[in-house]
Amino acid sequence: MTAGVPGDGPLAWNVAGLLADDPGADRVVQVDDVRIDVGEDLELAAPISGRIRLLRTNRGIVATGTLSTALAEQCSRCLRDIALPVTLRIEEEYLPALDLASGRPLPTDDEPDVARLTDHHELDLETPVREAIQLAEPIAPLCRPDCPGLCVVCGERLEDGVHDHPDDDIDPRLEALRGFTAAGDG
Ligand SMILES: [Zn+2]
Ligand SMILES: [Zn+2]
């Protein structure tokens, strides 16, 4: 196994050499400190890193591996900014776009939805990785599983446990009611 040849994009590798190998041959490529655009309303809090195995099959190349990164999110309970670690499992099959020997385009009509290598025999994982990152975003992110959130009275974070409110924090309408009750008692 040798390192893959870097391609045009941050997550692209030239696999012409691997395509020339027999089925079963593979390469392992290292992903280090990669940043990609992950779409609107989503931001990475850490670069993408991990390893991808590129396996020559009798049809094309299957890319498998695990990548890790972190999403810049906000805790849905206490509204604190957090970096949420995510693990991405990648498994994507790529078929050639061109015949390696002749350079002629291969017919793609029979499998229009499958991922294709580029015309330069590059395997570009950016789109599946972006989609995996978008799918990894939780609906309600939490800074920690038992985040107590915000105090309903004063809006402060409850992370330090219960806190008292001085009397002058109390809603003036309640204060008036309390005064009325006291007067009635006397
Ligand atoms: Zn929180
Ligand atoms: Zn409070």
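Quantities reported herein were computed from a predicted structural model and do not represent experimental measurements. Just so you know, ligand 1 is whichever comes first in the structure, and atom 1 is the first atom listed for that ligand.
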ask   = Within the distance-only criterion (no hydrogens, no angle test), does the side chain of R53 pair as donor or acceptor with the backbone N or O of G65 below 3.5 angstrom?
value = no
inquiry  = For R144, is the CZ atom crowded, meaning more than 12 foreign heavy atoms sit under 6.0 Å from it?
reply    = yes
Could you give the side-chain donor-acceptor pairs of residues 85-100 under 3.5 Å, partners two or more places apart or in another chain?
unit_1, atom_1, unit_2, atom_2, d
R89, NH1, T66, OG1, 3.2
E93, OE1, R59, NH2, 3.2
E93, OE2, R59, NE, 2.8
Y94, OH, D124, O, 2.8
D99, OD2, A101, N, 3.1
D99, OD2, S102, N, 2.8
D99, OD2, S102, OG, 3.1

request  = Apply side chain to side chain contact (heavy atoms under 4.5 Å, CB included) to the pair S49 and D33, showing each step before the final yes or no.
outcome  = CA-CA 6 Å; S49 49; D33 287 344; 5.5 Å; no
key: Contacts of the Zn ion (ligand 1) with protein N/O/S atoms, counting only those under 2.8 Å   = C75 SG, C78 SG, C143 SG, C147 SG
message = Donor-acceptor pair, distance only, cut-off 3.5 Å: does the side chain of N14 make one with the backbone of H120?
response = yes
key: Reported CG-to-CG distance for the pair L44 and D37, which is rounded to 0.5 angstrom   = 9.0 Å
inquiry  = Take a 6.0 Å sphere around CG of D8 and say whether it holds more than 12 heavy atoms from other residues, nucleotides or ligands.
reply    = no
Residues 132-140 side chain polar contacts: donor-acceptor under 3.5 Å, at least two apart:
unit_1, atom_1, unit_2, atom_2, d
Q134, NE2, V38, O, 3.1

task = For the Zn ion (ligand 2), check which protein N, O or S atoms are under 2.8 Å away and list them.
result = C151 SG, C154 SG, H163 NE2, H165 NE2
request  = Would you indicate whether H163, at its atom NE2, is surrounded by more than 12 heavy atoms from other residues, nucleotides or ligands within a distance under 6.0 Å?
outcome  = yes
